[in-house]
Amino acid sequence: MCTAMVIHAGTAPAAASPLQRESLDTLARRYGFGAPLKMGMERVLRSQYSTVVFTAGSRKLRFNDTLLCLNGPALNKSATWTITRHDSRNMLDPLLRPSATVRGDDIATIVLDPGHGGSDSGAIGHRNVYEKKAVLDVAKRARDLLKAQGLSVRLTRDQDYFIPLSKRTSLAHRWGADLFVSIHFNASANSSVSGIETYVCSSPGFASTMGGRADPRTYKGNHFDKKNTLLGYYLHRGMLKQVKTTDRGIKHARFEVLRTAPCPAVLLECGFITNKSEAAKVISRQHRAALAKGIANGIMSYIAKTESRP
Ligand SMILES: [Zn+2]
């Protein structure tokens, strides 16, 4: 990010800039935490319900047992710790007040989007694992679990055919999707890399987690920034409760399906099929069923918050 543009707490903010910052002391007071605790390079906000851990100069944020990436780093300047106001509003607030974020939303139609298909095989991993086949199986299993809960669930493809990215979210729009979940497996040139990561749309004015420029544009998907955080959190946590693997965190990217989604949306990378042991797991039906259960549980956790009482 452009540190020259950082406005520190205490300076008079004019128009809302995503880069304005808020101190952890202010956040602690607002959400009923005690004073931030010092732990080496980290600062911790702790209450009886939640523990939030910030690291100086890093975007990494640990919320209870889950790793998330802020849009901008936590900074420690002159002993004042700050995060961007954007992250305070769109990441911390929904995590700390989930019901207030989604209460009353009517979630009836879920669109699951198995990545790739047809001539686009996606990644091809160890033991001849094809991403396009594995994601379709996981999506169908998640669909069946969610249908059993009385939800209407549509798949952007239910067989092995090619479907362009733009069509995936236009179908979601046409079907009146209330939530959109794109399902993928990951690949890396480094075969030792493993684990699950979850993506939500990068926010305007910030670079994506993996780098690139700070894009100032507001995309359709950014209208759901708060809800994207919450959906990403429940899905990521849901999967990690079901399968034992590395938590690579909830990250930001401007993938086309996330930019153009007509509703809260996430993209799941359910493991690296270029990693020998993770590919071996993906071959197993039980593992794919566990991932599907994690996805369905994550969606049901999100829906439960829409139904909570004030
Ligand atoms: Zn993919």
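We count ligands from 1, going down the list as the structure has it; atoms in each ligand are counted the same way. The residues of the chain are indexed from 1 along the displayed sequence.
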- ring pair (Phe, Tyr, Trp, His ring centres under 6.0 Å) partners of Tyr31, counting only residues at least two apart: none
- Task: Would you mind naming the N, O or S atom of Glu131 nearest to the Zn ion (ligand 1)?
- Result: OE2
- Item | Any N, O or S atom of Glu269 closer than 2.8 Å to the Zn ion (ligand 1) | no
- Message: Applying side-chain hydrogen bond (donor to acceptor under 3.5 Å, both in side chains) to Thr66 and Asn64, what does each step give before you reach the verdict?
- Response: CA-CA 6 Å; Thr66 304; Asn64 296 334; over 6 Å; no
- For the residue pair His86 and Phe206, does the interplanar ring angle fall in the parallel (under 30°), tilted (30 to 60°) or perpendicular (over 60°) class? tilted
- Any donor-acceptor N/O pair, Arg21 side chain to Thr82 backbone, under 3.5 Å: yes
- Task: Mind reading off the angle at the Zn ion (ligand 1) between the ND1 atom of His184 and the NE2 atom of His116, rounded to 10°?
- Result: 100°
